[in-house]
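Encoded as C-alpha coordinates, the structure appears first; notes follow it.
Lettering of chains follows the sequences in order, A, B, ..., and the numbering in each one begins at 1. The model shown is predicted, which means the values in this text are computed figures rather than measured ones.
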Number of protein chains: 2
Amino acid sequence: MAETTTFREVMAEIVARITEGPWGPGTLLPGEVELAEEFGVSRTTMNRALREVSEQGFLDRRRKAGTRVRMAPIRQARFEMPVVRAEIEKTGADYRYALVSRAVVVAPDWLRARMGLKARAKVVHLVCLHFADGVAFQLEDRWINASALPQAVEQDFSVVGPNEWLVATVPFSEVEISFLAQAADALMVQHLDHALGDPVFCVERATWWQNAAVTLVTLAHRRGYRMTTRY
Amino acid sequence: MAETTTFREVMAEIVARITEGPWGPGTLLPGEVELAEEFGVSRTTMNRALREVSEQGFLDRRRKAGTRVRMAPIRQARFEMPVVRAEIEKTGADYRYALVSRAVVVAPDWLRARMGLKARAKVVHLVCLHFADGVAFQLEDRWINASALPQAVEQDFSVVGPNEWLVATVPFSEVEISFLAQAADALMVQHLDHALGDPVFCVERATWWQNAAVTLVTLAHRRGYRMTTRY
DNA sequence: CAGTGGTCTAGACCACAAC
DNA sequence: TTGTGGTCTAGACCACTGG
(Lines give C-alpha, C1' and ligand atoms only; values in the text may rest on other atoms or scores of the structure.)
Protein backbone atom coordinates (compact mmCIF):
# COMPACT_ATOMS: atom_id res chain seq x y z
CA MET A 1 0.00 0.00 0.00
CA ALA A 2 1.85 3.04 1.29
CA GLU A 3 5.15 3.45 3.06
CA THR A 4 3.52 3.43 6.47
CA THR A 5 0.20 1.67 6.53
CA THR A 6 -2.08 2.94 9.23
CA PHE A 7 -5.08 1.17 10.68
CA ARG A 8 -7.28 3.72 8.96
CA GLU A 9 -5.99 2.69 5.57
CA VAL A 10 -6.54 -0.92 6.49
CA MET A 11 -10.07 -0.10 7.58
CA ALA A 12 -10.78 1.68 4.31
CA GLU A 13 -9.54 -1.30 2.33
CA ILE A 14 -11.60 -3.70 4.40
CA VAL A 15 -14.74 -1.64 3.95
CA ALA A 16 -14.02 -1.40 0.23
CA ARG A 17 -13.69 -5.14 -0.06
CA ILE A 18 -16.99 -5.53 1.70
CA THR A 19 -18.92 -2.92 -0.23
CA GLU A 20 -17.35 -3.26 -3.67
CA GLY A 21 -14.90 -6.07 -3.60
CA PRO A 22 -14.83 -9.77 -3.13
CA TRP A 23 -16.16 -9.93 0.41
CA GLY A 24 -19.90 -10.10 -0.09
CA PRO A 25 -22.42 -10.63 2.72
CA GLY A 26 -21.79 -13.84 4.61
CA THR A 27 -18.15 -14.18 3.62
CA LEU A 28 -15.84 -15.68 6.21
CA LEU A 29 -12.70 -13.56 6.36
CA PRO A 30 -9.22 -14.99 6.82
CA GLY A 31 -7.86 -14.91 10.34
CA GLU A 32 -6.18 -11.88 11.82
CA VAL A 33 -2.71 -13.35 11.46
CA GLU A 34 -3.13 -14.09 7.80
CA LEU A 35 -4.65 -10.70 7.07
CA ALA A 36 -1.95 -8.91 9.00
CA GLU A 37 0.62 -10.65 6.90
CA GLU A 38 -1.17 -9.83 3.65
CA PHE A 39 -1.46 -6.15 4.56
CA GLY A 40 2.02 -5.99 5.95
CA VAL A 41 0.97 -4.76 9.38
CA SER A 42 1.23 -6.16 12.85
CA ARG A 43 -1.61 -8.22 14.23
CA THR A 44 -2.29 -5.46 16.76
CA THR A 45 -2.99 -3.02 13.95
CA MET A 46 -5.07 -5.50 12.01
CA ASN A 47 -7.04 -6.25 15.14
CA ARG A 48 -7.83 -2.61 15.70
CA ALA A 49 -8.89 -2.14 12.09
CA LEU A 50 -11.19 -5.16 12.23
CA ARG A 51 -12.57 -4.14 15.60
CA GLU A 52 -13.50 -0.68 14.40
CA VAL A 53 -15.05 -1.92 11.18
CA SER A 54 -16.97 -4.34 13.32
CA GLU A 55 -18.18 -1.50 15.55
CA GLN A 56 -19.47 0.21 12.45
CA GLY A 57 -21.75 -2.75 12.02
CA PHE A 58 -20.25 -4.49 9.01
CA LEU A 59 -18.66 -7.47 10.65
CA ASP A 60 -19.61 -10.11 13.14
CA ARG A 61 -16.65 -11.36 15.12
CA ARG A 62 -16.62 -14.41 17.33
CA ARG A 63 -13.84 -16.37 18.90
CA LYS A 64 -13.16 -19.62 17.23
CA ALA A 65 -15.86 -18.89 14.66
CA GLY A 66 -13.88 -16.13 13.00
CA THR A 67 -14.86 -12.87 11.34
CA ARG A 68 -17.84 -12.87 9.04
CA VAL A 69 -19.44 -10.17 6.92
CA ARG A 70 -22.92 -9.42 8.21
CA MET A 71 -25.78 -10.28 5.89
CA ALA A 72 -27.27 -6.86 6.52
CA PRO A 73 -25.08 -4.25 8.13
CA ILE A 74 -26.45 -3.07 11.47
CA ARG A 75 -27.48 0.41 10.58
CA GLN A 76 -27.23 2.60 13.57
CA ALA A 77 -28.11 6.22 13.83
CA ARG A 78 -26.25 8.31 16.30
CA PHE A 79 -27.84 11.47 17.57
CA GLU A 80 -26.02 13.94 19.65
CA MET A 81 -28.36 15.34 22.22
CA PRO A 82 -26.99 18.80 22.81
CA VAL A 83 -28.26 21.15 25.41
CA VAL A 84 -30.96 23.17 23.67
CA ARG A 85 -28.96 26.32 24.06
CA ALA A 86 -26.09 24.84 22.08
CA GLU A 87 -28.43 23.48 19.42
CA ILE A 88 -29.96 26.90 18.90
CA GLU A 89 -26.78 28.92 19.05
CA LYS A 90 -25.12 26.60 16.55
CA THR A 91 -27.55 27.80 13.92
CA GLY A 92 -26.50 31.36 14.60
CA ALA A 93 -29.78 32.26 16.24
CA ASP A 94 -30.15 34.11 19.52
CA TYR A 95 -31.10 31.95 22.46
CA ARG A 96 -33.53 33.02 25.13
CA TYR A 97 -34.94 31.08 28.06
CA ALA A 98 -38.12 31.65 30.00
CA LEU A 99 -39.73 29.93 32.95
CA VAL A 100 -43.45 29.49 32.44
CA SER A 101 -44.42 27.86 35.69
CA ARG A 102 -42.95 26.22 38.73
CA ALA A 103 -44.62 24.21 41.45
CA VAL A 104 -43.78 21.70 44.16
CA VAL A 105 -46.47 19.05 44.26
CA VAL A 106 -47.21 15.48 45.21
CA ALA A 107 -46.45 13.26 42.24
CA PRO A 108 -49.53 12.20 40.33
CA ASP A 109 -50.09 8.48 39.95
CA TRP A 110 -48.97 8.16 36.36
CA LEU A 111 -45.72 9.89 37.23
CA ARG A 112 -45.15 7.69 40.27
CA ALA A 113 -45.54 4.67 38.08
CA ARG A 114 -43.37 6.04 35.34
CA MET A 115 -40.52 7.09 37.61
CA GLY A 116 -40.94 4.48 40.30
CA LEU A 117 -41.59 6.90 43.14
CA LYS A 118 -42.98 6.18 46.58
CA ALA A 119 -46.52 7.12 47.51
CA ARG A 120 -46.96 10.84 48.18
CA ALA A 121 -43.49 11.59 46.89
CA LYS A 122 -42.89 15.26 46.24
CA VAL A 123 -41.75 16.51 42.89
CA VAL A 124 -40.87 19.82 41.34
CA HIS A 125 -42.89 20.51 38.23
CA LEU A 126 -41.46 22.99 35.75
CA VAL A 127 -42.63 24.31 32.43
CA CYS A 128 -40.09 26.27 30.43
CA LEU A 129 -39.66 27.73 27.00
CA HIS A 130 -36.64 27.96 24.79
CA PHE A 131 -36.61 30.60 22.09
CA ALA A 132 -34.58 30.89 18.92
CA ASP A 133 -34.44 34.45 17.64
CA GLY A 134 -37.47 35.31 19.72
CA VAL A 135 -39.60 32.47 18.39
CA ALA A 136 -40.61 29.61 20.66
CA PHE A 137 -38.53 26.61 19.66
CA GLN A 138 -39.06 24.06 22.37
CA LEU A 139 -41.45 23.61 25.27
CA GLU A 140 -39.97 21.78 28.21
CA ASP A 141 -42.24 19.99 30.66
CA ARG A 142 -40.13 18.63 33.47
CA TRP A 143 -40.57 16.75 36.73
CA ILE A 144 -37.77 16.48 39.27
CA ASN A 145 -37.78 13.98 42.09
CA ALA A 146 -37.44 16.07 45.25
CA SER A 147 -36.38 13.10 47.37
CA ALA A 148 -33.41 12.40 45.17
CA LEU A 149 -32.58 16.04 44.64
CA PRO A 150 -33.74 18.17 47.55
CA GLN A 151 -31.82 21.20 46.30
CA ALA A 152 -34.24 21.40 43.40
CA VAL A 153 -37.03 22.53 45.71
CA GLU A 154 -35.22 25.69 46.64
CA GLN A 155 -33.88 26.42 43.22
CA ASP A 156 -35.56 29.25 41.47
CA PHE A 157 -35.32 28.39 37.79
CA SER A 158 -36.13 31.80 36.42
CA VAL A 159 -32.66 32.53 35.09
CA VAL A 160 -30.86 29.23 34.66
CA GLY A 161 -32.91 26.49 33.01
CA PRO A 162 -33.35 23.16 34.79
CA ASN A 163 -31.46 21.34 32.08
CA GLU A 164 -28.30 23.33 32.56
CA TRP A 165 -28.72 23.26 36.29
CA LEU A 166 -29.10 19.50 36.30
CA VAL A 167 -26.09 18.70 34.14
CA ALA A 168 -24.03 20.84 36.48
CA THR A 169 -25.50 19.25 39.61
CA VAL A 170 -26.03 15.58 38.86
CA PRO A 171 -22.75 14.14 37.61
CA PHE A 172 -23.99 11.41 35.37
CA SER A 173 -26.77 9.03 35.10
CA GLU A 174 -28.53 6.33 33.21
CA VAL A 175 -30.85 7.67 30.61
CA GLU A 176 -33.77 6.41 28.59
CA ILE A 177 -34.74 8.45 25.56
CA SER A 178 -37.82 8.07 23.43
CA PHE A 179 -38.90 9.84 20.30
CA LEU A 180 -42.59 10.03 19.58
CA ALA A 181 -45.34 11.95 17.85
CA GLN A 182 -47.96 13.55 20.05
CA ALA A 183 -51.11 15.55 19.48
CA ALA A 184 -50.72 19.17 20.56
CA ASP A 185 -52.40 19.85 23.88
CA ALA A 186 -53.52 23.16 25.35
CA LEU A 187 -50.11 24.01 26.75
CA MET A 188 -48.39 23.40 23.45
CA VAL A 189 -51.00 25.40 21.59
CA GLN A 190 -50.52 28.27 23.96
CA HIS A 191 -46.76 28.45 23.70
CA LEU A 192 -45.75 26.90 20.40
CA ASP A 193 -47.05 27.59 16.94
CA HIS A 194 -49.50 24.71 16.97
CA ALA A 195 -53.23 24.20 16.62
CA LEU A 196 -54.98 21.79 18.96
CA GLY A 197 -54.31 18.22 17.85
CA ASP A 198 -51.45 19.07 15.51
CA PRO A 199 -48.70 16.50 15.31
CA VAL A 200 -45.83 17.49 17.57
CA PHE A 201 -42.42 15.88 17.60
CA CYS A 202 -41.52 15.09 21.19
CA VAL A 203 -38.49 13.77 22.96
CA GLU A 204 -39.03 12.13 26.32
CA ARG A 205 -36.06 11.61 28.55
CA ALA A 206 -36.00 9.78 31.87
CA THR A 207 -32.91 9.93 34.02
CA TRP A 208 -31.70 7.83 36.92
CA TRP A 209 -28.77 8.16 39.21
CA GLN A 210 -27.69 5.34 41.45
CA ASN A 211 -30.99 3.55 40.82
CA ALA A 212 -33.05 6.53 41.91
CA ALA A 213 -35.22 8.38 39.43
CA VAL A 214 -34.01 11.93 39.07
CA THR A 215 -36.05 13.58 36.41
CA LEU A 216 -38.51 13.02 33.61
CA VAL A 217 -38.82 15.57 30.85
CA THR A 218 -40.84 15.95 27.69
CA LEU A 219 -39.51 18.29 25.04
CA ALA A 220 -42.12 19.42 22.55
CA HIS A 221 -40.84 21.02 19.38
CA ARG A 222 -42.20 23.66 17.08
CA ARG A 223 -43.92 22.93 13.80
CA GLY A 224 -41.93 21.15 11.17
CA TYR A 225 -39.07 20.25 13.47
CA ARG A 226 -36.97 17.29 12.37
CA MET A 227 -34.20 15.49 14.10
CA THR A 228 -31.65 14.60 11.47
CA THR A 229 -28.39 12.73 11.27
CA ARG A 230 -26.09 11.33 8.60
CA TYR A 231 -23.71 8.46 8.43
CA MET B 1 -6.76 -3.25 41.88
CA ALA B 2 -6.83 -6.85 40.82
CA GLU B 3 -4.19 -9.33 39.86
CA THR B 4 -4.55 -8.54 36.18
CA THR B 5 -5.91 -5.11 35.52
CA THR B 6 -7.79 -4.89 32.28
CA PHE B 7 -8.63 -1.77 30.35
CA ARG B 8 -12.26 -2.25 31.33
CA GLU B 9 -11.41 -1.99 34.98
CA VAL B 10 -9.36 1.07 34.27
CA MET B 11 -12.28 2.57 32.36
CA ALA B 12 -14.65 1.88 35.23
CA GLU B 13 -12.33 3.57 37.67
CA ILE B 14 -11.89 6.57 35.41
CA VAL B 15 -15.63 6.97 34.97
CA ALA B 16 -16.08 6.60 38.73
CA ARG B 17 -13.56 9.32 39.40
CA ILE B 18 -15.39 11.57 36.98
CA THR B 19 -18.89 10.90 38.23
CA GLU B 20 -18.30 10.45 41.93
CA GLY B 21 -14.70 11.09 42.64
CA PRO B 22 -12.21 13.87 42.49
CA TRP B 23 -12.31 14.55 38.77
CA GLY B 24 -15.11 17.08 38.43
CA PRO B 25 -16.03 18.83 35.19
CA GLY B 26 -13.14 20.78 33.74
CA THR B 27 -10.44 18.84 35.55
CA LEU B 28 -7.20 18.36 33.67
CA LEU B 29 -6.12 14.75 34.04
CA PRO B 30 -2.53 13.62 34.50
CA GLY B 31 -0.75 12.47 31.38
CA GLU B 32 -1.06 8.94 30.05
CA VAL B 33 2.37 7.95 31.29
CA GLU B 34 1.71 9.06 34.82
CA LEU B 35 -1.72 7.43 34.92
CA ALA B 36 -0.37 4.21 33.49
CA GLU B 37 2.17 4.13 36.26
CA GLU B 38 -0.42 4.84 38.93
CA PHE B 39 -2.73 2.10 37.69
CA GLY B 40 0.10 -0.29 37.10
CA VAL B 41 -0.67 -0.87 33.43
CA SER B 42 1.15 -0.19 30.23
CA ARG B 43 0.60 3.06 28.42
CA THR B 44 -1.06 1.14 25.59
CA THR B 45 -3.73 -0.09 27.96
CA MET B 46 -4.18 3.28 29.60
CA ASN B 47 -4.48 4.85 26.18
CA ARG B 48 -7.22 2.48 25.18
CA ALA B 49 -9.11 3.06 28.40
CA LEU B 50 -8.92 6.82 28.00
CA ARG B 51 -9.83 6.62 24.34
CA GLU B 52 -12.95 4.62 25.02
CA VAL B 53 -14.07 6.81 27.90
CA SER B 54 -13.52 9.72 25.58
CA GLU B 55 -15.70 8.09 22.93
CA GLN B 56 -18.43 7.82 25.52
CA GLY B 57 -18.39 11.58 25.67
CA PHE B 58 -16.84 12.23 29.07
CA LEU B 59 -13.41 13.40 28.07
CA ASP B 60 -11.94 15.84 25.65
CA ARG B 61 -8.50 14.83 24.48
CA ARG B 62 -6.07 16.98 22.55
CA ARG B 63 -2.42 16.62 21.81
CA LYS B 64 -0.26 18.82 23.89
CA ALA B 65 -3.30 20.19 25.72
CA GLY B 66 -3.92 16.96 27.55
CA THR B 67 -7.05 15.16 28.67
CA ARG B 68 -9.79 17.20 30.24
CA VAL B 69 -13.16 16.27 31.74
CA ARG B 70 -15.94 17.77 29.65
CA MET B 71 -18.06 20.42 31.34
CA ALA B 72 -21.18 18.64 30.13
CA PRO B 73 -20.82 15.13 28.80
CA ILE B 74 -21.81 14.86 25.17
CA ARG B 75 -25.00 12.95 25.51
CA GLN B 76 -25.48 10.87 22.44
CA ALA B 77 -28.30 8.54 21.69
CA ARG B 78 -27.61 5.57 19.54
CA PHE B 79 -30.48 3.96 17.73
CA GLU B 80 -30.12 0.70 15.96
CA MET B 81 -32.16 0.76 12.81
CA PRO B 82 -33.04 -2.83 12.27
CA VAL B 83 -34.85 -4.17 9.27
CA VAL B 84 -38.52 -4.03 10.19
CA ARG B 85 -38.77 -7.77 10.02
CA ALA B 86 -36.12 -8.16 12.71
CA GLU B 87 -37.70 -5.48 14.87
CA ILE B 88 -41.04 -7.25 14.78
CA GLU B 89 -39.77 -10.77 15.18
CA LYS B 90 -37.66 -9.74 18.15
CA THR B 91 -40.84 -9.01 20.08
CA GLY B 92 -42.00 -12.54 19.38
CA ALA B 93 -44.70 -11.43 16.99
CA ASP B 94 -45.36 -12.92 13.57
CA TYR B 95 -44.14 -10.87 10.68
CA ARG B 96 -46.03 -10.46 7.45
CA TYR B 97 -45.31 -8.29 4.44
CA ALA B 98 -47.67 -6.99 1.79
CA LEU B 99 -47.20 -4.89 -1.32
CA VAL B 100 -49.92 -2.28 -1.63
CA SER B 101 -48.96 -0.64 -4.87
CA ARG B 102 -46.16 -0.45 -7.37
CA ALA B 103 -45.63 1.96 -10.25
CA VAL B 104 -42.88 3.21 -12.51
CA VAL B 105 -43.32 6.92 -13.04
CA VAL B 106 -41.54 10.12 -13.87
CA ALA B 107 -40.28 11.67 -10.65
CA PRO B 108 -42.45 14.53 -9.40
CA ASP B 109 -40.71 17.85 -8.89
CA TRP B 110 -40.45 17.71 -5.11
CA LEU B 111 -38.82 14.32 -5.36
CA ARG B 112 -36.36 15.46 -8.01
CA ALA B 113 -35.36 18.31 -5.76
CA ARG B 114 -35.12 16.13 -2.71
CA MET B 115 -33.06 13.40 -4.33
CA GLY B 116 -31.20 15.52 -6.85
CA LEU B 117 -32.51 13.74 -9.94
CA LYS B 118 -32.37 14.89 -13.54
CA ALA B 119 -35.45 16.18 -15.33
CA ARG B 120 -37.87 13.44 -16.32
CA ALA B 121 -35.95 10.85 -14.33
CA LYS B 122 -37.83 7.62 -13.85
CA VAL B 123 -38.48 6.23 -10.44
CA VAL B 124 -40.14 3.19 -8.97
CA HIS B 125 -42.80 4.10 -6.45
CA LEU B 126 -43.76 1.47 -3.91
CA VAL B 127 -46.18 1.38 -1.04
CA CYS B 128 -45.87 -1.56 1.32
CA LEU B 129 -47.17 -2.72 4.65
CA HIS B 130 -45.48 -4.55 7.46
CA PHE B 131 -47.65 -6.47 9.89
CA ALA B 132 -46.97 -7.66 13.41
CA ASP B 133 -49.30 -10.47 14.42
CA GLY B 134 -51.66 -9.51 11.65
CA VAL B 135 -51.89 -5.87 12.67
CA ALA B 136 -50.43 -3.15 10.47
CA PHE B 137 -47.27 -1.94 12.12
CA GLN B 138 -45.54 0.20 9.56
CA LEU B 139 -46.46 1.77 6.23
CA GLU B 140 -43.57 2.11 3.84
CA ASP B 141 -43.70 4.71 1.09
CA ARG B 142 -40.62 4.32 -1.08
CA TRP B 143 -39.10 5.82 -4.20
CA ILE B 144 -36.23 4.16 -6.01
CA ASN B 145 -34.10 5.92 -8.58
CA ALA B 146 -34.39 3.80 -11.72
CA SER B 147 -31.31 5.36 -13.31
CA ALA B 148 -29.10 4.32 -10.45
CA LEU B 149 -30.80 0.96 -10.02
CA PRO B 150 -32.31 -0.28 -13.28
CA GLN B 151 -32.92 -3.73 -11.85
CA ALA B 152 -35.55 -2.21 -9.59
CA VAL B 153 -37.84 -1.61 -12.54
CA GLU B 154 -38.14 -5.30 -13.29
CA GLN B 155 -38.31 -6.41 -9.70
CA ASP B 156 -41.72 -7.51 -8.59
CA PHE B 157 -41.83 -6.69 -4.90
CA SER B 158 -44.81 -8.81 -4.01
CA VAL B 159 -42.88 -11.37 -1.98
CA VAL B 160 -39.62 -9.77 -0.93
CA GLY B 161 -39.91 -6.24 0.41
CA PRO B 162 -37.85 -3.47 -1.16
CA ASN B 163 -35.92 -2.95 2.05
CA GLU B 164 -34.60 -6.47 2.14
CA TRP B 165 -34.03 -6.46 -1.60
CA LEU B 166 -32.07 -3.23 -1.39
CA VAL B 167 -29.76 -4.24 1.43
CA ALA B 168 -28.95 -7.36 -0.52
CA THR B 169 -28.41 -5.46 -3.78
CA VAL B 170 -26.79 -2.16 -2.91
CA PRO B 171 -23.73 -2.89 -0.80
CA PHE B 172 -23.49 0.24 1.29
CA SER B 173 -24.23 3.84 1.07
CA GLU B 174 -24.39 7.19 2.70
CA VAL B 175 -27.56 7.70 4.62
CA GLU B 176 -29.49 10.62 6.01
CA ILE B 177 -32.13 9.82 8.58
CA SER B 178 -34.76 12.13 9.99
CA PHE B 179 -37.34 11.61 12.67
CA LEU B 180 -40.44 13.72 12.52
CA ALA B 181 -44.10 13.97 13.43
CA GLN B 182 -46.59 14.10 10.60
CA ALA B 183 -50.33 14.42 10.29
CA ALA B 184 -51.95 11.22 9.07
CA ASP B 185 -52.92 11.44 5.40
CA ALA B 186 -55.44 9.34 3.49
CA LEU B 187 -53.01 6.53 2.81
CA MET B 188 -52.08 6.22 6.46
CA VAL B 189 -55.69 6.33 7.54
CA GLN B 190 -56.50 3.58 5.12
CA HIS B 191 -53.76 1.22 6.21
CA LEU B 192 -52.81 2.10 9.75
CA ASP B 193 -54.99 2.58 12.78
CA HIS B 194 -55.17 6.35 12.41
CA ALA B 195 -57.77 9.01 11.94
CA LEU B 196 -57.16 11.81 9.47
CA GLY B 197 -54.74 14.35 10.97
CA ASP B 198 -53.60 12.13 13.81
CA PRO B 199 -49.98 12.53 14.82
CA VAL B 200 -47.86 9.87 13.17
CA PHE B 201 -44.27 9.12 14.04
CA CYS B 202 -42.30 8.93 10.81
CA VAL B 203 -38.78 8.03 9.86
CA GLU B 204 -37.47 9.39 6.61
CA ARG B 205 -34.38 7.85 5.15
CA ALA B 206 -32.49 9.01 2.08
CA THR B 207 -29.73 6.86 0.67
CA TRP B 208 -26.91 7.55 -1.72
CA TRP B 209 -24.33 5.36 -3.29
CA GLN B 210 -21.30 6.79 -5.01
CA ASN B 211 -22.90 10.23 -5.02
CA ALA B 212 -26.02 9.02 -6.77
CA ALA B 213 -29.36 9.04 -5.00
CA VAL B 214 -30.64 5.52 -4.64
CA THR B 215 -33.81 5.65 -2.63
CA LEU B 216 -35.98 7.79 -0.43
CA VAL B 217 -38.36 6.18 2.00
CA THR B 218 -40.85 7.33 4.58
CA LEU B 219 -41.82 4.86 7.27
CA ALA B 220 -45.06 5.73 9.02
CA HIS B 221 -45.75 3.93 12.28
CA ARG B 222 -48.88 2.82 14.00
CA ARG B 223 -50.51 4.68 16.88
CA GLY B 224 -48.48 5.10 19.98
CA TYR B 225 -45.25 3.92 18.48
CA ARG B 226 -42.07 5.11 20.22
CA MET B 227 -38.49 4.76 19.30
CA THR B 228 -36.58 4.14 22.49
CA THR B 229 -33.01 3.69 23.56
CA ARG B 230 -30.98 3.64 26.76
CA TYR B 231 -27.47 4.55 27.68
C1' DC C 1 -9.78 -29.93 22.59
C1' DA C 2 -8.01 -26.63 19.56
C1' DG C 3 -8.54 -22.45 16.78
C1' DT C 4 -9.77 -17.71 16.77
C1' DG C 5 -10.26 -13.35 18.56
C1' DG C 6 -9.31 -10.46 23.02
C1' DT C 7 -6.02 -8.21 25.39
C1' DC C 8 -1.55 -6.86 27.71
C1' DT C 9 3.30 -5.36 27.50
C1' DA C 10 7.49 -2.58 26.56
C1' DG C 11 9.45 0.28 23.62
C1' DA C 12 9.55 3.45 19.84
C1' DC C 13 8.56 7.18 16.54
C1' DC C 14 5.51 10.66 15.04
C1' DA C 15 2.05 14.61 14.51
C1' DC C 16 -0.13 18.14 16.28
C1' DA C 17 -0.82 22.30 18.85
C1' DA C 18 -0.01 25.23 22.83
C1' DC C 19 3.37 28.11 24.66
C1' DT D 1 10.11 24.48 20.70
C1' DT D 2 8.42 20.78 23.28
C1' DG D 3 5.02 18.19 25.72
C1' DT D 4 1.01 15.32 24.96
C1' DG D 5 -1.71 12.13 22.74
C1' DG D 6 -1.81 8.93 18.35
C1' DT D 7 -0.21 4.95 16.56
C1' DC D 8 2.79 0.91 15.19
C1' DT D 9 5.44 -3.27 16.34
C1' DA D 10 6.65 -7.95 17.96
C1' DG D 11 5.67 -11.18 21.05
C1' DA D 12 2.94 -13.37 24.49
C1' DC D 13 -0.84 -15.37 27.22
C1' DC D 14 -5.62 -15.99 27.75
C1' DA D 15 -10.80 -16.80 27.17
C1' DC D 16 -14.34 -18.20 24.77
C1' DT D 17 -16.67 -21.38 21.90
C1' DG D 18 -17.34 -24.35 17.85
C1' DG D 19 -16.62 -28.93 16.36
Side-chain angles (χ1 to χ4, degrees), chain A residues 1-18 22-71 73-74, chain B residues 1-18 22-71 73-74:
Chain A
M1 310 276 110
E3 307 144 27
T4 43
T5 312
T6 87
F7 82 93
R8 287 172 198 282
E9 293 172 317
V10 176
M11 280 181 66
E13 174 64 17
I14 292 171
V15 172
R17 290 194 188 178
I18 293 173
W23 292 344
T27 305
L28 178 64
L29 269 57
E32 290 190 343
V33 184
E34 189 178 332
L35 282 174
E37 197 174 335
E38 184 203 327
F39 280 77
V41 299
S42 70
R43 183 162 91 88
T44 310
T45 300
M46 181 53 70
N47 177 280
R48 176 154 185 201
L50 287 167
R51 177 171 13 108
E52 303 228 345
V53 173
S54 175
E55 275 170 11
Q56 286 180 23
F58 290 103
L59 297 174
D60 185 27
R61 314 195 74 197
R62 260 179 292 173
R63 286 166 155 121
K64 171 71 183 178
T67 301
R68 198 173 284 278
V69 179
R70 279 191 199 282
M71 298 307 285
I74 296 186
Chain B
M1 309 274 107
E3 309 144 26
T4 43
T5 312
T6 88
F7 81 95
R8 288 174 196 281
E9 293 171 317
V10 177
M11 279 180 67
E13 173 63 17
I14 292 171
V15 171
R17 291 194 188 179
I18 293 173
W23 293 343
T27 305
L28 178 64
L29 270 58
E32 290 190 343
V33 184
E34 188 178 331
L35 282 173
E37 198 174 334
E38 184 203 327
F39 280 77
V41 298
S42 70
R43 184 162 91 89
T44 311
T45 300
M46 182 52 70
N47 177 279
R48 176 154 187 202
L50 287 167
R51 177 170 14 107
E52 303 228 344
V53 173
S54 174
E55 275 170 11
Q56 285 179 23
F58 290 104
L59 296 174
D60 183 29
R61 314 194 74 198
R62 261 179 292 174
R63 288 166 152 120
K64 173 70 182 177
T67 301
R68 197 173 284 278
V69 179
R70 281 191 199 282
M71 298 306 286
I74 296 187

Q. Considering heavy-atom distances to DNA chain C, does T44(A) or A65(A) have its closest nucleotide positioned more toward the 5' end?
A. A65(A)
Q. Can you find a heavy atom in the side chain of N47(A) that is under 4.5 Å from one in the side chain of R61(A)?
A. yes
Q: Would you mind reading off the distance between R68(B) atom CZ and dA17(C) atom C1', rounded to a whole angstrom?
A: 14 Å
(Q) If you only use heavy atoms from C-beta on, which nucleotide in dT7(D), dG5(C), dC8(C) is closest to the side chain of N47(A)? (A) dG5(C)
**Q.** Atom-pair distance (CG on L35(A); P on dT4(C)), nearest Å
**A.** 12 Å
**Q.** Lys/Arg-Asp/Glu bridge criterion (N-O < 4.0 Å) met for E55(B), R51(B)
**A.** no
Q) Please give, in whole Å, the distance from dC8(C) C1' to R51(A) CZ? A) 12 Å
Q. Taking side chain as C-beta onward, heavy atoms only, is L35(A) less than 4.5 Å from L50(A)?
A. yes
Q. Between dG11(C) and S42(B), is there an OP1 or OP2 to side-chain N/O distance shorter than 4.0 Å?
A. no
Q: Could you tell me the separation between the CG atom of D60(B) and the P atom of dT4(D), rounded to a whole number of Å?
A: 16 Å
Q: Please state whether the phosphate of dT7(C), meaning OP1 or OP2, lies under 4.0 angstrom from any side-chain nitrogen or oxygen of R8(B).
A: yes
Q: Please state whether the phosphate of dT7(D), meaning OP1 or OP2, lies under 4.0 angstrom from any side-chain nitrogen or oxygen of R48(A).
A: yes
Q) For the pair made of CG in L29(A) and P in dT4(C), what is the distance, rounded to whole Å? A) 13 Å
**Q.** Any T45(A) side-chain N or O less than 4.0 Å from OP1/OP2 of dT9(D)
**A.** yes
Q: Look only at the side chain of R68(A) and the backbone of G26(A), and say whether a donor-acceptor pair between them is shorter than 3.5 Å.
A: yes
Q) With respect to the side chain of F7(B), which nucleotide from dG5(D), dT7(C), dC8(D) is positioned closest? A) dT7(C)
Q: Compare side-chain N and O positions of R62(B) against OP1 and OP2 of dA18(C) and report whether any pair is under 4.0 Å apart.
A: yes
**Q.** Whole angstrom value for the distance that separates C1' of dA10(C) from CE of M46(B)
**A.** 15 Å
Q) Closest to the R61(A) side chain: dG6(D), dT9(D), dG5(C)? A) dG5(C)
Q: Provide, to the nearest angstrom, the distance between the CD atom belonging to E37(B) and the P atom belonging to dA10(C).
A: 12 Å
**Q.** Expected output: side-chain E9(B) to main-chain T6(B) donor-acceptor under 3.5 Å
**A.** yes
(Q) I need the CD-C1' distance between E32(A) and dT9(D), as an integer number of Å. (A) 15 Å
Q: Indicate, with a heavy-atom threshold strictly under 4.0 Å, whether R43(B) touches base, sugar-phosphate, or nothing.
A: base
**Q.** Selection from dT4(D), dA18(C), dT7(C) that lies nearest to any side-chain heavy atom of R63(B)
**A.** dT4(D)
Q | Nearest-nucleotide pick for K64(B), side chain only, options being dG3(D), dG6(D), dC8(C) | A | dG3(D)
